[in-house]
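Before any comments, here is the structure.
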Amino acid sequence: MGIYLNPGNEAFRISVSSEIYVDKTELISFVNKRLGQEKRFLCVSRPRRFGKSMAAHMLCAYYDRECDSRELFQDLKIARMDSFEQHLNQYDVIFLNIQQMIRAAKTLDCLIDYIERQVFREIKERYGEILEGFEETLPLALTSAFLKDKKGFIFIVDEWDCIFREAKENVEVQKKYLDFLRDLFKDRAYVKLVYMTGILPIKKYGTHSALNIFDEFSMIFPKKLAEYVGFTEIEVKQLCETFEMDFEEMKCWYDGYRFKKEIHIYNPKSIVDAITEEEIHSYWVGTETYEALKIYMDLNFDGLKDSVAVMLGGGRCRINARKFQNDMTSFESKDDVFTLLVHLGYLSYYEEKQEVAIPNLEMEEEFKNVIEGESGWGKLADMLRCSEELLEATLHQDTNTVAKILDKVHTEQTSVLSYHDENSLSCVVTLAYFSAKKDYIFIREFPTGKGFADIVMLPYRQSDKPALVIELKWDTSASGAIKQIKDKKYVSTLENYVGEIVLVGINYNKKTKEHQCVIETYRK
């Protein structure tokens, strides 16, 4: 075994032996179908700490011919699949962690020479009699080795895009790196499979199509690998049952990455940390710096701040993700910024309508930190700060203060949230109550059996606050909203909730451009 050639299975053994391990080995079955095929080049991009390296180590453990991984996989899903025996520990694997290699190479200019030199050394040790005196390039050395046994090589490249993050402005180094990968992989018979992982999809350089051989699976277009982006809802429910965690609270904090067929994906780093620490709060953002999000939000392209306000109010914003150049510098519009934030995990992308949204409470907290920490966000920052006052006024049934705060939010956000119906009123109310999300689960259009309550706020189990049922009216009356809550028996559908419920009726008068509010207390 070597460092780069056939590195063994110890890294994956650590994952499988961990207290919390979610079986994603069915991915191997998908990859097996691409072995030796035209479509054997896979580039899989995911946000930081979404399990990319674990998947890479899993593939190394499965294919590496110099180790025996049968006992590692025998109780996992892949062992029940037809291709399991056929490919288990049958190939030479070349594993490259580009981030680690950049550090070892000392400078980016030396990276390619370092990769070739280190891999060539291990290939020569493995195929010494063939490469004795061999001084040619790495591709030629691999070709000679391949001619010996016709098995071919499997390449696992982790953090493949690290160079585009470490050398954001160095176009020449980036192009040289892409050309190196193209020369290593394209039209090479020794390539049995290439599986690359990173945060960004493959960089676009106009007509420079260095790596057009790759099929890409990204946060924008995950295709058949959507369920492997993170933990699925079923997997999280099972973990919550096993470790006695509150699934609904987990859902509010870590759900929100949605793909076709209504696949719900959760951030695996945060789920594991929440279970380990037995406490639900923000974990994933600790792996990124505050500056990571701040830099891009401060670009403030036309409409960017307005769109953030819409998303904080629970809305979505349409973008064109296809213009993005897959780097961290080539921004021409808010669409480019938001597309990058999708790849970084700060936003979720809804492919059917080409819209983005803030996925969950964990990410909302990070947006809030940026907004409140920067003077350029002015009115929106003030509004988020006064949302604490709104909740207190509601719980104390101070209807005048509630109405005034809603008037303020409406006035300052009218240009953003087109104010013409109950849906836009719902966005403003959700935005106004933003800070309450640390105590409440927000459910918009809560099904009641006799219609839908506009907003239901259920307190987390550890909270001592009452539940809120909010009904919205447009140009009618706040008392009519309360009457609807009672007539349609909205509170009766809160089956698992026992305690005080605050009924809130809110109406917007188009003529006076003011909100009216009626608040009552109900005990179930």
Side-chain angles (χ1 to χ4, degrees), residues 3-5 7 31 34-46 52-53 55-56 59-60 63 91-105 107-123 136-143 145-146 152-168 170-218 325-330 343:
I3 299 173
Y4 307 109
L5 176 64
V31 175
R34 300 297 188 95
L35 285 172
Q37 305 294 310
E38 286 289 339
K39 297 173 76 64
R40 64 192 183 278
F41 303 95
L42 312 177
C43 182
V44 180
S45 55
R46 301 283 183 267
K52 299 184 300 296
S53 295
L59 293 173
C60 282
Y63 290 119
Y91 303 96
D92 279 326
V93 175
I94 295 177
F95 178 74
L96 307 177
N97 183 312
I98 302 302
Q99 187 173 49
Q100 293 177 359
M101 299 189 94
I102 287 175
R103 290 199 296 267
T107 69
L108 290 170
D109 289 332
C110 297
L111 175 63
I112 293 172
D113 288 340
Y114 179 83
I115 293 174
E116 289 206 282
R117 186 170 64 254
Q118 296 300 320
V119 176
F120 182 89
R121 177 177 57 80
E122 293 194 14
I123 292 293
E136 298 294 338
T137 66
L138 178 59
L140 287 178
L142 292 170
T143 297
F146 168 68
F153 293 85
I154 288 178
F155 294 82
I156 310 295
V157 186
D158 198 13
E159 300 282 2
W160 89 271
D161 63 324
C162 185
I163 195 166
F164 298 99
R165 293 178 270 129
E166 302 262 341
K168 294 179 183 178
N170 196 331
V171 175
E172 287 307 309
V173 166
Q174 293 174 13
K175 286 186 176 180
K176 184 179 178 182
Y177 174 64
L178 287 176
D179 286 337
F180 163 71
L181 293 179
R182 177 183 58 187
D183 187 45
L184 185 62
F185 298 141
K186 192 170 184 178
D187 298 325
R188 299 295 187 181
Y190 58 72
V191 176
K192 189 73 174 179
L193 173 84
V194 181
Y195 184 94
M196 296 200 312
T197 77
I199 293 174
L200 296 175
I202 292 171
K203 166 68 180 165
K204 299 176 184 177
Y205 275 117
T207 58
H208 188 84
S209 55
L211 297 179
N212 60 359
I213 55 176
F214 278 83
D215 281 351
E216 296 202 65
F217 304 84
S218 70
Q325 295 301 301
N326 297 342
D327 64 24
M328 302 179 108
T329 57
S330 304
H343 290 301

query = Can you tell which of Val157, Asp161, Leu96 makes a side-chain contact (heavy atoms from CB on, under 4.5 Å) with Met196?
reply =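 Only match with Met196 under side-chain contact (heavy atoms from CB on, under 4.5 Å): Val157.
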
inquiry  = Checking side-chain contact (heavy atoms from CB on, under 4.5 Å) between Leu42 and each of Val194, Val31, Thr197, which is the one that passes?
reply    =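 Answer after filtering Val194, Val31, Thr197: Val31.
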
Just verifying a value: how many Å separate [X] [atom1] and [Y] [atom2], rounded to the nearest 0.5 Å?
X	Y	atom1	atom2	result
Tyr195	Ile156	OH	CD1	8.0 Å
Asp187	Arg182	CG	CZ	10.5 Å
Glu166	Gln174	CD	CD	11.5 Å
Lys192	Arg40	NZ	CZ	9.0 Å
Trp160	Leu178	CH2	CG	5.5 Å
Ile163	Asn170	CD1	CG	7.5 Å

ask   = Any ion pair linking Asp179 and Lys176 (charged N to carboxylate O, less than 4.0 Å)?
value =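 Salt bridge absent between Lys176 and Asp179.
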
ask   = Below 4.0 angstrom, N of the basic side chain to O of the carboxylate: do Arg117 and Asp113 qualify?
value =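 No.
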
request  = Indicate whether any N or O donor in one side chain lies under 3.5 Å from an N or O acceptor in the other, for Arg103 and Gln100.
outcome  =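 No - no donor-acceptor pair under 3.5 Å links their side chains.
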
CA sep, side-chain torsions, deciding dist, call: Gln118, Arg121, side-chain hydrogen bond (donor to acceptor under 3.5 Å, both in side chains) = CA-CA 5 Å; Gln118 296 300 320; Arg121 177 177 57 80; 3.0 Å; yes

task = Mind telling me whether Phe41 and Phe185 have parallel, tilted or perpendicular rings, with 30° and 60° as the class edges?
result =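 The arrangement is tilted - the two ring planes meet at 30° to 60°.
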
Is there a side-chain contact between [X] and [Y], using heavy atoms and a 4.5 Å cut-off?
X	Y	value
Leu111	Phe180	no
Ile98	Ile115	yes
Val119	Leu5	no
Leu142	Leu184	yes
Phe120	Tyr4	no
Asp183	Arg188	yes
Leu59	Phe95	no
Glu116	Ile112	yes

query = Which heavy atom of Ile199 sits nearest a heavy atom of Ser45, and at what distance?
reply =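 Smallest interatomic distance, heavy atoms only, reads O-CB, 3.5 Å.
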
